[in-house]
Asker: 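Structure incoming, see below.
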Amino acid sequence: MIYIEKSEEPEFLSEFKRKNPDKTYDSEEFAHYRGILTDVLIKEQKGICAYCCGRIKKENVHNEHIEPRNPGKYVSKRSLDYSNLVASCNTIRTCGRKKENKYDSDKFVSPLEQECEKKFTYYGNGTIVGDEYTINLLNLNDYELREARKAVYQQLQHLDKETIKLVYMNEQDEEYQPYYNVIKWYVNG
C-alpha cells in the first residue's frame, strides 16, 4: 500500500451532487458517471490498485468505497464522497472484493492516510507484515500477490538504489510500476 494523495473532487461529481442531493452511488441517475469516475481514479493512482498496488486497467477494476456503501446495519452517507473513493483491482480473493462490506474505521489502514506506508514491511519472499487487521481483511498475503512482490523484489536486488530510482521511480511517469509499494519500500526501507 502506498499513500494516495487525493486531487480536488472532479467537477462532474460536484455538479451531480449539487443537482441530486438525495442520490447515491447506486442511484440509476449516477450509473452514467461510474465509468468516468473509474478513469479519474485510475489516473489519480497512476494505474495501480489502492491496496495491493498491482496494475489496474479499466477492464479489471472497480470503484472502491473505503467506508463501504452498506457497512452493516446502515447505509453509508459517503457513497459519493470523493475522499472515500479509490480504484481497486477486481480480484475476488483480495483487496476491495475480499473486503466487501466488512470495515472497522478504528482498525483499517487506509491508503488515504499519509502515514499508511510506515505500517507495512515487505520481505524478499513476497510476504507483507504490519497491520494484521488490514492485511487479513484485504488478504494481502494471497499466494499470487506474494509471488508478484517476490518477483519485483528479486529484480531490484540486482540494481543499485540510484538505478532503481531512475528506472522505476520517475514521478513524472503517468503510471507507476506494478507493486510500486515494494519498490518504494526497498529503496527507502
Asker: Considering non-hydrogen atoms only, spot the tightest contact between Pro178 and Ile183 and give its length.
Answerer: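 Distance-wise, the nearest heavy atoms are O-CD1, 4.2 Å.
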Asker: Taking Gly47's backbone N and O only, do any of them form a donor-acceptor pair with Arg55's side chain (distance below 3.5 Å, no angle check)?
Answerer: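 It does hold such a pair.
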Asker: Mind running side-chain contact (heavy atoms from CB on, under 4.5 Å) on Asn125 and Tyr153 for me, showing each step along the way?
Answerer: CA-CA 8 Å; Asn125 66 0; Tyr153 201 97; over 6 Å; no
Asker: Between Glu115 and Lys119, is a salt bridge (charged side-chain N to carboxylate O under 4.0 Å, His left out) present by the stated rule, with each step listed?
Answerer: CA-CA 7 Å; Glu115 299 294 313; Lys119 299 185 180 187; over 6 Å; no
Asker: Hey, could you give me the CZ/CZ distance between Arg149 and Arg146, rounded to the nearest 0.5 Å?
Answerer: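 Result: 8.0 Å between the selected atoms.
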Asker: Please verify the inter-ring angle class for Phe12 with Tyr33; under 30° counts as parallel, over 60° as perpendicular, anything in between as tilted.
Answerer: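 Judged by the thresholds at 30° and 60°, the geometry between Phe12 and Tyr33 is parallel.
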Asker: Test side chain to side chain donor-acceptor pair (under 3.5 Å) on Asp26 and Thr24 and set out the steps.
Answerer: CA-CA 5 Å; Asp26 297 310; Thr24 68; 4.7 Å; no
Asker: Whether the side chain of Gln177 engages the backbone of Tyr180 through a donor-acceptor N/O pair (distance < 3.5 Å, no angle test) should be reported.
Answerer: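 Not confirmed, Gln177 side chain does not pair with Tyr180 backbone.
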Asker: Step through it carefully: locate the ring centre of Tyr186, locate the ring centre of Tyr122, and say whether they are under 6.0 Å apart.
Answerer: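 When the ring centroids of Tyr186 and Tyr122 are compared, they turn out to be at least 6.0 Å apart.
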Asker: Which one of Glu64, Arg97, Glu59 satisfies the side chain to side chain donor-acceptor pair (under 3.5 Å) criterion with Asn90?
Answerer: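 Exactly one option meets the side chain to side chain donor-acceptor pair (under 3.5 Å) with Asn90, and it is Arg97.
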Asker: Should we count CD of Glu5 as having more than 12 external heavy atoms under 6.0 Å?
Answerer: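 No, not enclosed.
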Asker: Please confirm whether Lys23 makes a cation-pi placement over Phe30, using NZ or CZ under 6.0 Å from the six-membered ring centre and within 45° of the ring normal.
Answerer: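 Negative - Lys23 is either too far from the ring of Phe30 or too far off its axis.
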Asker: Can Asn84 and Arg69 be said to form a side chain to side chain donor-acceptor pair (under 3.5 Å), step by step?
Answerer: CA-CA 10 Å; Asn84 186 47; Arg69 297 187 317 263; over 6 Å; no
Asker: State whether Phe108 and Lys99 meet the cation-pi test: NZ (Lys) or CZ (Arg) under 6.0 Å from the six-membered ring centroid, and within 45° of the perpendicular axis.
Answerer: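 Relative to the ring axis of Phe108, which defines the angle, Lys99 lies inside both limits.
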Asker: Does either side chain, that of Thr94 or that of Asn139, offer a donor lying less than 3.5 Å from an acceptor on the other one?
Answerer: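 Checked: Thr94/Asn139 side chains show no N/O donor-acceptor pair below 3.5 Å.
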Asker: How far apart are the closest heavy atoms of Ser79 and Tyr25, and which atoms are they?
Answerer: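 Reported closest heavy-atom pair: OG-N, 3.0 Å.
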